[in-house]
Amino acid sequence: LKRFNEQAIDELRRLSHQLAPSADIHSSLFEKINQLIKNMKLEEKLKVAVRIDKFIKPLCTNLQLNFYRMLQEHLSNILKYAEAKIVEINIESRPTSVLMQIRDDGKGFETGSKRVGIGLENIKRRAALLNGKAKIRSSPGKGCEVIVEIPVSKKS
């Protein structure tokens with residue numbers, strides 16, 4: 001019983017960390033993503049590569065939180081369904097937008113015939129709320145790539 005209680009406490013602690021990534025507004029998106037990877041224990045299951053451009057001006061907290069949530073959603077999908085060995089996360093600064101790519105080498109799926117799950121729909125909805133777009137590219141045996149592009153003004 002004691003062991004189950006300790007496991008439950010550890011799980012609650014892990015979940016609370018995942019739900020509150022923006023609590024530290026001073027940490028960078030890179031730091032938040034690395035903490036997410038640690039909290040999800042991804043590196044115990046996958047090889048993870050993260051590349052984030054240096055931004056001239058830090059991304060606003062709202063955009064950071066939304067990228068974090070979209071990434072969290074897709075990483076959960078990868079762990080549950082993809083049977084992947086490698087995940088690449090790239091966040092790139094563009095002149096009028098920010099681009100996030102999440103690529104895995106998992107089993108993939110047929111995007112045309114399979115109903116897109118709630119997780120991928122949530123990613124599309126979040127992108128749309130930020131006036132952006134999310135694309136899902138996948139096919140059986142070829143892994144999956146999620147590409148999210150969010151416009152940013154020079155002021156924000």
Side-chain angles (χ1 to χ4, degrees), residues 15 17-25 27-156:
L15 287 171
H17 281 289
Q18 285 184 5
L19 290 172
S22 60
D24 182 5
I25 60 170
S27 66
S28 69
L29 181 58
F30 184 77
E31 291 167 324
K32 288 175 179 140
I33 288 172
N34 280 327
Q35 189 62 48
L36 174 64
I37 290 166
K38 182 180 172 190
N39 290 344
M40 292 181 79
K41 300 180 180 181
L42 279 182
E43 294 181 312
E44 295 175 12
K45 302 159 191 152
L46 305 160
K47 182 175 189 273
V48 182
V50 179
R51 188 187 64 71
I52 300 177
D53 282 353
K54 295 278 186 213
F55 290 86
I56 294 167
K57 186 177 175 193
L59 293 176
C60 73
T61 305
N62 183 48
L63 195 53
Q64 283 191 38
L65 177 61
N66 277 286
F67 274 127
Y68 179 97
R69 291 284 181 233
M70 288 184 272
L71 179 60
Q72 182 180 38
E73 187 73 57
H74 193 55
L75 291 175
S76 293
N77 283 345
I78 290 169
L79 287 174
K80 285 181 199 170
Y81 309 113
E83 298 174 15
K85 292 179 178 43
I86 299 169
V87 174
E88 296 174 3
I89 301 162
N90 295 307
I91 299 179
E92 180 180 316
S93 175
R94 295 194 164 178
T96 59
S97 65
V98 178
L99 184 83
M100 177 171 67
Q101 295 173 290
I102 311 160
R103 213 175 291 141
D104 70 67
D105 68 342
K107 64 183 182 180
F109 56 93
E110 189 64 54
T111 57
S113 66
K114 182 178 179 175
R115 187 179 74 77
V116 175
I118 188 84
L120 293 174
E121 278 303 317
N122 284 340
I123 292 170
K124 288 180 177 181
R125 280 190 206 107
R126 275 188 190 275
L129 285 171
L130 296 165
N131 299 315
K133 294 180 209 148
K135 290 185 239 167
I136 289 95
R137 295 181 181 156
S138 185
S139 59
K142 305 271 185 187
C144 181
E145 180 179 30
V146 172
I147 303 162
V148 177
E149 188 165 14
I150 307 297
V152 291
S153 70
K154 296 200 190 268
K155 294 181 215 167
S156 58

Could you tell me if the side chain of L46 sits less than 4.5 Å from the side chain of L79, heavy atoms only? yes
Nearest heavy-atom pair of M100 and M70: which atoms, and what distance? CE-CB, 3.9 Å
Return the CG to CD1 distance between L71 and I102, rounded to the nearest 0.5 Å. 4.5 Å
When you measure from the side chain of S138 to the backbone of F109, do you find a donor-acceptor pair of N or O atoms at a distance under 3.5 Å? yes
Enumerate, atom names and distances included, each donor-acceptor pair closer than 3.5 Å involving a side-chain atom of residues 85-94, sequence neighbours excluded.
unit_1, atom_1, unit_2, atom_2, d
E88, OE1, R103, NH1, 3.0
E92, OE2, R94, NE, 2.9
E92, OE2, R94, NH2, 3.3

One should read off an interatomic distance between L63 CG and Y68 OH, to the nearest 0.5 angstrom, of 15.5 Å
Going through the checks in order, is the side chain to side chain contact (heavy atoms under 4.5 Å, CB included) test met by T96 and V152? CA-CA 5 Å; T96 59; V152 291; 5.9 Å; no
Quick one: does I33's side chain get under 4.5 Å of F67's, heavy atoms only? no
Shortest non-hydrogen contact from G132 toward P151: CA-CD, 3.8 Å
A side-chain contact here means heavy atoms from C-beta on lying under 4.5 Å apart; do I136 and C144 qualify? yes
Return the minimal non-hydrogen interatomic distance between L59 and L29, and the atom names on each side. CD1-CD2, 3.8 Å
Contacts of N77 meeting side-chain hydrogen bond (donor to acceptor under 3.5 Å, both in side chains) (sequence neighbours excluded), chain-then-number -> none
Evaluate I78 against H74 for side chain to side chain contact (heavy atoms under 4.5 Å, CB included), listing each step before the verdict. CA-CA 6 Å; I78 290 169; H74 193 55; 3.6 Å; yes
Working to the nearest 0.5 angstrom, can you tell me the gap between S76 OG and L36 CG? 8.0 Å
Decide side-chain hydrogen bond (donor to acceptor under 3.5 Å, both in side chains) for R125 and N122; before the verdict, give the C-alpha distance in whole Å, the side-chain angles of both, and the deciding distance to 0.1 Å. CA-CA 5 Å; R125 280 190 206 107; N122 284 340; 3.0 Å; yes
In Å, rounded to the nearest 0.5 Å, how long is the span from SG of C60 to CG of N66? 8.5 Å
Between CG of N34 and NZ of K32, what distance do you get to the nearest 0.5 Å? 12.5 Å
Looking only at non-hydrogen atoms, find the nearest pair between I37 and E43 and report the distance. CG2-CG, 3.7 Å
Side chain D53, main chain F55, donor-acceptor under 3.5 Å: no
Verify, without hydrogens or angle tests, whether E149 (side chain) and K133 (backbone) share a donor-acceptor contact under 3.5 angstrom. no
Drop me the distance from Q35's CD to S27's OG, to the nearest 0.5 angstrom. 8.5 Å
Can you list the steps and then say if K135 with V146 is a side chain to side chain contact (heavy atoms under 4.5 Å, CB included)? CA-CA 6 Å; K135 290 185 239 167; V146 172; over 6 Å; no
For side chain to side chain contact (heavy atoms under 4.5 Å, CB included), just list the numbers for V50 and I52, CA-CA rounded to whole Å, side-chain angles, deciding distance to a tenth of an Å, and then say yes or no. CA-CA 7 Å; V50 179; I52 300 177; 4.0 Å; yes
Minimum heavy-atom distance between P140 and E110, given as atom pair plus value: CD-OE1, 3.6 Å
Are the side chain of S139 and the backbone of K142 linked by a donor-acceptor contact shorter than 3.5 Å? no
Which pair of heavy atoms, one from E83 and one from K107, lies closest together, and at what distance? OE2-NZ, 3.5 Å
